[in-house]
Amino acid sequence: MSKPEQQASQDGEHEAAMPGSSRRDFLRKSAAGVGAAVAAGASAKAFTADQVNVADVTIPSIRIPADFTASLDEAPVPAKFEGRGMSGAEVFAQVCVKEELAALFCCPGNYTVINALAAAGIPAYGGRMEGSMCAMADGFSRATGEVTATSGTEGPGFANMIMNIAAANAARTPLLVLASNMMIAGDDREAFIQTGYQQPLTTGIKKYGKRLIDPSRVHEYGGYAFRELKSGIPGPVHLDFPAEVARARFKSPDELKDYYDKTQYRSTSRPCAGAGEIAQVVKMIDTAQRPLIVAGQGVFQRKGWDALVKVAEKGDIAVATSGPTRGVISDDHRLCVMAAPDALLSADLVIFIGQYCMPSPGEYRLSPDIKTIRVHPDQNDLGRNWPLDLGVVSDEALFLEALQDAVRGKKRAAWVDEIAKARQAYQAHIDETYRLGLEYSKKTDHLHPAVIGHETQHFIDNGTEDRLAVVAGGGGWTIGLFSGRYMRARRPGQMIVPAYQYGAIGPDMSMMMGACAAVQRGVGPQKGYEGAPTICVTSDAGVAYSMFELDTAAKYGLPTITIVYNNNAWGVWTNAARSARSLQMYLFQENLRYDQMALGLGANGEYVRSVEEFRAALARAWKLARDQKVSSLINCQALKEFTSPRDYPPGVSLNAEPGVGAVAH
């Protein structure tokens, strides 16, 4: 019997030896003998923990405070210059309202600013940890393309956000990072607590940043922020507000510098390819036998998906998508090569459009001799990492709209046929992996990651009312790479890739809660799917960073289903396989009950070990989410050895890029 099988057997024996055991039983047994202690005359004040009777302790039901609901129902109260005047925070909030800031995700701290934003009518969500709320803001933006904000208190709260600010930067998310800061008057004095200079900490992980020091320029720098957020290549913008700026008061716009309307401090004009450049692109497409478009995040950000599909269909041009948001073309489309990796090497022309994070040759599964066009809104980035035959400076949507009129209609039957055969071959490959996964799951009484990925997508396709309504995403090492092969995006904004490029472990669950907030409100491409639950597939390592936000989901009615791959270890444990003394650093306690933790946070918890149990749990979770807005966590018990190709072939491996399950570019 193999070690994993012995573990499975021991698990079963352990459960059989503890029939009906529960936390209350444990507490009751722990309290045994207390009565005898009292009879012996022991003083009540002298009781030790082992003597106190806790068998009848009751825990109040979890409920949402009435004050919370009443606060949500409050109408916005826009600030005015008349009377007390407007604070610096209120002036900034006014800029955010006029710029239609989509949402604020924060923890208490930076009080003056977050209170002003909420009072002004910005949809605001308060949670448990600054880092995970930053990920929620990122997830909302990835699902919509809209600007969102996140906020934390100076010092520790802001520092907690760093990992997820970096993840947003890698994804080119238009994220507004707000934080309070020490008073200017306290510079160099370490006055009181939590002092620290923030801007150096975000160097390299932001597009623009500023510590505001002149109260009269607060509106001006609000304009700076949104000009950066809504122009060119998106990215995080970091503003920190010393108290002198946030609390300053103004009784007239004349007291503020550059108090202009947004039409005067930023332009909506975009670069567009000239007729000569479009003609060159058309000529290169005409010459190619197997042309391929790689539609990057810029196509999503600029909402160019309709023109993309028209261009592809007009010329039988293959399409792959890349970036932190998927679905600008359906994975099921006959020209989509996301699930047809064998076709990629045959492409003889690639057109990168809006590829903000550019790979180097060899990182994509493309021929080293392929002809290359890159369309990008920033001239400075053309030619970086990848040699070009033609570089075009243009807005992505404008380029696609021009190309759809100019490209010649052409049938490429051989190319379309090759794509179809490659898709069939890939499907056969992952079907075989699923078959092996079922075999391993039955043999060990633990769920294999291929089974989780396949069954999750199968449920979306067959167990929900509208498969297009369900936004899904996830991460983790083993489970992320396996499930990515099975999960499909069929409309813009339907698939979120939390691990994109930066590879952060932990933001998955919170990021999908942010996406869920966008779906509930029907923002951007989520319009028409209001109320639909979202699904997150993550790891036991990742869930530790975000689990407490189940409380946040419960408060705001965000119906999320989180599927946790619980393999008792960091997924990269194989790096210690040849170092016996190192292995202990990679391991967790076995069979941890994340589902019971979820119950304690007001969510539904499910613990499953077989495919039948998983299917039933998914159905229950969906019904609760759809009908009652109750979130669920499904704890899927697995084995760490499923990662290893030696123990359970094929084991884990990186997915082809670009393609389903891709995370690097």
Side-chain angles (χ1 to χ4, degrees), residues 95-96 99-105 134-150 161 164-178 202-210 221-239 262 265-271 295-305 321-328 352-358 374-382 384 393-400 492-493 496-498 500-502 504 507 511 514-515 518 523-525 665:
V95 175
C96 293
E99 288 282 5
E100 299 179 314
L101 178 67
L104 165 70
F105 295 84
C134 179
M136 278 197 206
D138 189 359
F140 188 108
S141 184
R142 294 191 193 199
T144 62
E146 299 296 321
V147 177
T148 55
T150 187
M161 298 160 67
N164 291 322
I165 296 172
N169 182 68
R172 300 345 186 238
T173 299
L175 177 69
L176 178 58
V177 179
L178 306 171
T202 51
T203 299
I205 57 172
K206 65 188 173 191
K207 182 180 179 184
Y208 172 80
K210 187 69 177 178
Y221 279 113
Y224 264 86
F226 281 97
R227 187 163 54 245
E228 295 287 348
L229 288 161
K230 295 192 173 187
S231 302
I233 311 302
V237 167
H238 170 204
L239 299 181
K262 65 182 181 181
Y265 64 67
R266 68 177 179 86
S267 173
T268 58
S269 178
R270 301 275 177 171
Q297 187 69 0
V299 176
F300 177 75
Q301 286 284 350
R302 298 295 301 136
K303 299 177 173 58
W305 47 75
T321 63
S322 68
T325 307
R326 284 184 38 211
V328 289
F352 291 103
I353 306 175
Q355 180 77 26
Y356 292 159
C357 184
M358 195 67 187
R374 187 178 178 202
V375 181
H376 198 69
D378 182 2
Q379 184 183 23
N380 290 336
D381 209 57
L382 291 174
R384 185 175 64 86
V393 179
S394 180
D395 173 82
E396 298 87 349
L398 294 177
F399 172 81
L400 286 165
I496 309 300
V497 186
Y500 178 75
Q501 221 296 304
Y502 197 64
M511 204 173 285
V523 178
H665 295 93

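Reckoned from all heavy atoms, side chains included, excluding hydrogens, waters and symmetry mates.
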Trainee: Within the distance-only criterion (no hydrogens, no angle test), does the side chain of Y208 pair as donor or acceptor with the backbone N or O of H238 below 3.5 angstrom?
Mentor: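 The answer is no, because no donor-acceptor pair under 3.5 Å joins these two groups.
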
Trainee: For P377 versus P271, what's the shortest heavy-atom pair and its separation?
Mentor: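 Shortest heavy-atom separation between P377 and P271 comes out as O-CG, 4.0 Å.
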
Trainee: Between R302 (side chain only) and E396 (backbone N and O only), is there a donor and an acceptor less than 3.5 Å apart?
Mentor: no

Trainee: At their closest point, which heavy atom of S141 faces which heavy atom of T148, and how far apart are they?
Mentor: CB-OG1, 3.8 Å

Trainee: Looking at E228 and K210, is any side-chain nitrogen of the basic one under 4.0 Å from a carboxylate oxygen of the acidic one?
Mentor: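 Salt bridge between K210 and E228, a charged N being under 4.0 Å from a carboxylate O: no.
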
Trainee: Between the side chain of T150 and the main-chain N/O of V177, is any donor-acceptor distance below 3.5 Å?
Mentor: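 Side chain of T150 to backbone of V177: no pair is present.
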
Trainee: List the steps and the verdict of side chain to side chain contact (heavy atoms under 4.5 Å, CB included) for E99 and R266.
Mentor: CA-CA 11 Å; E99 288 282 5; R266 68 177 179 86; 2.8 Å; yes

Trainee: With distance as the sole test, does R142 use its side chain to make a donor-acceptor pair with the main-chain N or O of V497 at under 3.5 Å?
Mentor: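 Checked: pair present.
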
Trainee: State the CZ-CD distance between F226 and E100, to the nearest 0.5 angstrom.
Mentor: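 It is 10.0 Å, given to the nearest 0.5 Å.
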
Trainee: Distance-only, no hydrogens or angles: does the T173 side chain make a donor-acceptor pair with backbone N or O of L175 under 3.5 Å?
Mentor: no

Trainee: With I233, which of N380, D378, D381 fulfils side-chain contact (heavy atoms from CB on, under 4.5 Å)?
Mentor: D378

Trainee: On a heavy-atom basis, which atom in L176 and which in A225 lie closest, and how many Å separate them?
Mentor: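 Smallest interatomic distance, heavy atoms only, reads CD1-CB, 4.3 Å.
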
Trainee: Nearest 0.5 Å please: distance from the CD atom of Q301 over to the CG atom of D395.
Mentor: 11.0 Å

Trainee: Between Y265 and V95, is any pair of side-chain heavy atoms under 4.5 Å apart?
Mentor: yes

Trainee: Decide yes or no on side chain to side chain contact (heavy atoms under 4.5 Å, CB included) for M358 and R384, but give the supporting numbers first.
Mentor: CA-CA 8 Å; M358 195 67 187; R384 185 175 64 86; 4.2 Å; yes

Trainee: Heavy-atom distance under 4.5 Å between the side chains of P174 and K230, does that happen here?
Mentor: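 A side-chain contact is absent here, since even the closest heavy-atom pair is not under 4.5 Å.
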
Trainee: Kindly say whether Q355 contributes a backbone atom to a donor-acceptor pair with the side chain of R374 at under 3.5 angstrom?
Mentor: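 Confirmed, R374 side chain pairs with Q355 backbone.
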
Trainee: Has K303 got a side-chain atom pairing as donor or acceptor with G524's backbone, closer than 3.5 angstrom?
Mentor: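 No, because the side chain of K303 does not come within donor-acceptor range (under 3.5 Å) of the backbone of G524.
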
Trainee: Give the intermediate values and the outcome of side chain to side chain contact (heavy atoms under 4.5 Å, CB included) for residues L400 and V299.
Mentor: CA-CA 9 Å; L400 286 165; V299 176; 4.2 Å; yes

Trainee: Which pair of heavy atoms, one from A102 and one from F140, lies closest together, and at what distance?
Mentor: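 Where A102 meets F140 most closely, the heavy atoms are CB-CE2, 3.6 Å.
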
Trainee: Yes or no on side chain to side chain contact (heavy atoms under 4.5 Å, CB included) for H665 and S322, after CA distance, side-chain angles and deciding distance?
Mentor: CA-CA 6 Å; H665 295 93; S322 68; 5.9 Å; no

Trainee: Kindly say whether G327 contributes a backbone atom to a donor-acceptor pair with the side chain of T321 at under 3.5 angstrom?
Mentor: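 Here the side-chain-to-backbone pair does not exist.
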
Trainee: Once rounded to the nearest 0.5 Å, what's the spacing between atom OG1 of T325 and atom CZ of R172?
Mentor: 13.0 Å

Trainee: Between G145 and F300, which heavy-atom pair has the shortest distance, and what is it?
Mentor: N-CE2, 3.6 Å

Trainee: For the residue pair A168 and D138, what are the closest heavy atoms and their distance?
Mentor: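 In terms of heavy atoms, the two residues are closest at CA-OD2, 3.4 Å.
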
